Amino acid sequence: MTASTATERFRAARDFLLQHREDYETAYDGFAWPRLDRFNWALEWFDVIAAGNDRTALHLVEEDGGETKLSFAEMSARSNQAANWLRAQGVRAGDRVIVMLGNQAELWETALAAMKLRAVVIPATPLLGPADLRDRVERGRARHVIVRAEDTAKFDDVPGEYTRIAVGGIRTGGVPTGGVEGDGDGGGDGDGWLRYAHAYDESETFVPEGVTLADDPLMLYFTSGTTARPKLVEHTHTSYPVGHLATMYWIGLKPGDVHLNISSPGWAKHAWSNLFAPWNAEATVFIHNYTRFDPARLMAEMERNGVTSFCAPPTVWRMLIQADLTQLKHPPREVVAAGEPLNPEVIESVRRAWGVTIRDGFGQTETAVQVSNSPGQRLKEGSMGRPSPGFRVTLVDPVSGRADVEEGEICLDLSVEPVGLMTGYHGDPERTAEAMAGGYYRTGDIGARDADGYITYIGRADDVFKASDYKISPFELESALLEHEAVAEAAVVPAPDPLRLAVPKAYVVLAEGWEPNADTAKVLFAHSRAVLAPYKRVRRIEFAELPKTVSGKIRRIELRERTAKGEGTEFTEGDLA
């Protein structure tokens, strides 16, 4: 397959989804993944759309008001310079490269450059500490690291023979500096760190070495580890770049859009919606950097910069609705949420203020978006929507293994190979075989499907529990609690009970103005009785901060363990009746 044919097939698939962006039935029935033998998204898609293109590809707005705007053509040229310089520093095809940068231009440059070099990127959040980095260097077999200058000290105790590249000022005597020049040996300043700024001295013309096979590895993601040691998810040059055509479709992106996605670098959602989906659509990636979340400032920047599509995790949406949403006079055309299911009261608050409905989507680090509410679909309250174009989703009974049940584990049918699916868990064939057993990719999430094919999220398979022989979905109870003004966040887990086997216990983070005392607990128990069926009622409450992964997901496993041990101070419904 020639490069031009690969580009044309990719474009044809992309254009089909754009043409039917509000016609789900036609898009789902008629879409076919482009089957590519060789494909390099950076060279054969991004560089193609970037040629002579002065439209903005990346727009960064800093907290202090500083801005960076780069056109598609400029981003292509800068990534070529980065690729040439990285090759000069020894980066070769197949090399593993840890990229630990913030939302800065160099992050997108190195992503494109690594693709052009056929290197394998290990994305990492700057929040990681030395212990996490040792694990990534060791298990990821990293040969190079590219990090912010202020984070170089984290690698002082991370052993390994790897090239060290710093973006920004180089540490001198352990202190980051703003303008240290290299010592002439390729950009280092004598402490073993090379200075990325020298990349801009390289040629803007890049000549690739060799061909990129479609199934060559492209990214290795360490999952956030909500229940166990982080898994290492392997994606290829097609599974994410091509797979995120489905994500583009879900968001509703089209050429010329200005897309804002709030996500931390290093996590899969950042690649989903800050790299592949918007640039698949030829849209602008817009970023507002901040140290402390300020809803008013965020909305002011959205207004000033004409944001047309907006994606944020539930935590951000919950904080946004505490502010006056009406100050945004021109709301985005498309608004979506991902990461965890969104609660109905948040959706209604945004609908009242902006006149648009937040559309949920479901996917994992292992996949692109599998199930979603795409533009133009009829929305059903509480539902994640229907399977994305290109994905055949079925529910499998986790006990009997029977498929196409009304409630069961959300699975992908592998008889119709979905492009947007990982190769497997790197270095862990047993876990990969378990995830792909029986001809299905098993997500570990439980859902229910109605007669129209809409899927409603119930919870992680290991989070759902039984009380008095009734199945309890923590998410449903948490949603009910969040309807009360006193509750900012909530997590429900089973608490041992001699009569019912288990009862629902809620860990609650209170909204401002509420005290963590018996009176507040009484109010919340009364609310639970009013909105939940008797068998679902919350029976115990503890006011406490919620343990979370570094990516912000609640670690319910820690709460279950804490509850089982009887730790903490809790209020029980019976004692306060």
Side-chain angles (χ1 to χ4, degrees), residues 42 82-83 86-87 89-102 106-107 110-148 151-167 192-194 196 212-213 215-237 239-241 264-272 275-276 364-367 421-432 435 549-551:
L86 289 171
R87 185 157 60 190
Q89 311 314 312
V91 179
R92 296 289 182 266
D95 283 1
R96 313 285 178 76
V97 184
I98 292 176
V99 177
M100 193 171 81
L101 299 174
E106 294 89 348
L107 175 65
T110 54
L112 291 169
M115 288 184 225
K116 293 177 178 183
L117 292 169
R118 294 182 290 133
V120 181
V121 175
I122 301 176
T125 171
L127 297 174
L128 296 178
D132 294 308
L133 294 172
R134 281 194 293 272
D135 183 41
R136 279 153 173 74
V137 168
E138 180 181 346
R139 281 204 289 151
R141 302 202 308 277
R143 299 195 61 179
H144 318 273
V145 300
I146 303 174
V147 305
R148 303 182 305 182
D151 292 320
T152 55
K154 295 179 180 179
F155 287 85
D156 287 350
D157 297 319
V158 179
E161 296 295 322
Y162 50 89
T163 309
R164 301 169 185 238
I165 298 168
V167 176
W193 286 92
L194 304 175
Y196 179 89
T212 305
L213 300 180
D215 58 358
D216 279 347
L218 170 63
M219 287 178 159
L220 290 175
Y221 271 105
F222 283 76
T223 62
S224 54
T226 57
T227 59
R229 186 187 187 198
K231 302 184 288 287
L232 191 47
V233 175
E234 181 175 307
H235 279 286
T236 70
H237 277 267
S239 64
Y240 254 22
S264 298
W267 303 114
K269 189 60 175 63
H270 195 276
W272 279 39
L275 178 62
F276 295 117
Q364 301 175 302
T365 302
E366 290 89 338
T367 69
L421 174 65
M422 67 172 180
T423 302
Y425 296 113
H426 184 79
D428 197 338
E430 291 183 1
R431 183 173 277 174
T432 299
T549 68
V550 71
S551 64

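Position 1 is the first residue of the sequence; numbering continues from there. Computed from a predicted model, the values in this text were never measured in an experiment.
For Arg96, there are no salt bridge (charged side-chain N to carboxylate O under 4.0 Å, His left out) partners, not counting sequence neighbours. Residues passing the side-chain contact (heavy atoms from CB on, under 4.5 Å) test with Arg143 are Asp95, sequence neighbours excluded. Thr367 meets the side-chain contact (heavy atoms from CB on, under 4.5 Å) test with Gln364, Gln370, Leu412, Leu421, Tyr441; sequence neighbours excluded. Residues satisfying the salt bridge (charged side-chain N to carboxylate O under 4.0 Å, His left out) criterion with Asp215, sequence neighbours excluded, are absent altogether. Partners of Arg164 by salt bridge (charged side-chain N to carboxylate O under 4.0 Å, His left out), not counting sequence neighbours: none found. Checked against side-chain contact (heavy atoms from CB on, under 4.5 Å), Ser239 has the following partners two or more places apart in sequence or in another chain: His235, Thr236. A search for ring pair (Phe, Tyr, Trp, His ring centres under 6.0 Å) contacts involving His270 returns Trp108, not counting sequence neighbours. Partners of Lys154 according to the salt bridge (charged side-chain N to carboxylate O under 4.0 Å, His left out) rule, which considers only residues two or more places apart in sequence or in another chain, are Asp151. Partners of Ala271 according to the side-chain contact (heavy atoms from CB on, under 4.5 Å) rule, which considers only residues two or more places apart in sequence or in another chain, are Met219, Tyr221, Tyr240, Phe276.
With rounding to the nearest 0.5 angstrom, the CG atom of Leu107 is 9.5 Å from the CG atom of Leu112. Between the OG1 atom in Thr365 and the CZ atom in Phe222 there is a gap of 12.5 Å [rounded to 0.5 Å]. Atom NE2 of residue His426 and atom OG1 of residue Thr432 lie 10.0 Å apart, to the nearest 0.5 angstrom. Taken to the nearest 0.5 Å, the OH atom of Tyr425 stands 13.5 Å off from the CG atom of Leu220. Once rounded to the nearest 0.5 Å, the distance linking CD1 of Ile146 with CD1 of Ile122 reads 11.5 Å. Considering NE2 of His237 and CG of Asp216, their distance stands at 5.5 Å, rounded to 0.5 Å.
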Report all side-chain donor-acceptor pairs from residues 126-133 shorter than 3.5 Å, counting only partners two or more places apart or in another chain.
none

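Among residue pairs with one or both ends in residues 110-120, those qualifying as salt bridge (Lys or Arg N to Asp or Glu O under 4.0 Å) are Asp47-Lys116; sequence neighbours excluded. Listed by first and then second residue, the salt bridge (Lys or Arg N to Asp or Glu O under 4.0 Å) pairs that reach into residues 119-128 come to none, sequence neighbours excluded.
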request  = Show your working on side-chain contact (heavy atoms from CB on, under 4.5 Å) between Val97 and Leu86 and close with a plain yes or no.
outcome  = CA-CA 11 Å; Val97 184; Leu86 289 171; over 6 Å; no

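The closest side-chain heavy-atom distance from Lys231 to Glu366 is below 4.5 Å.
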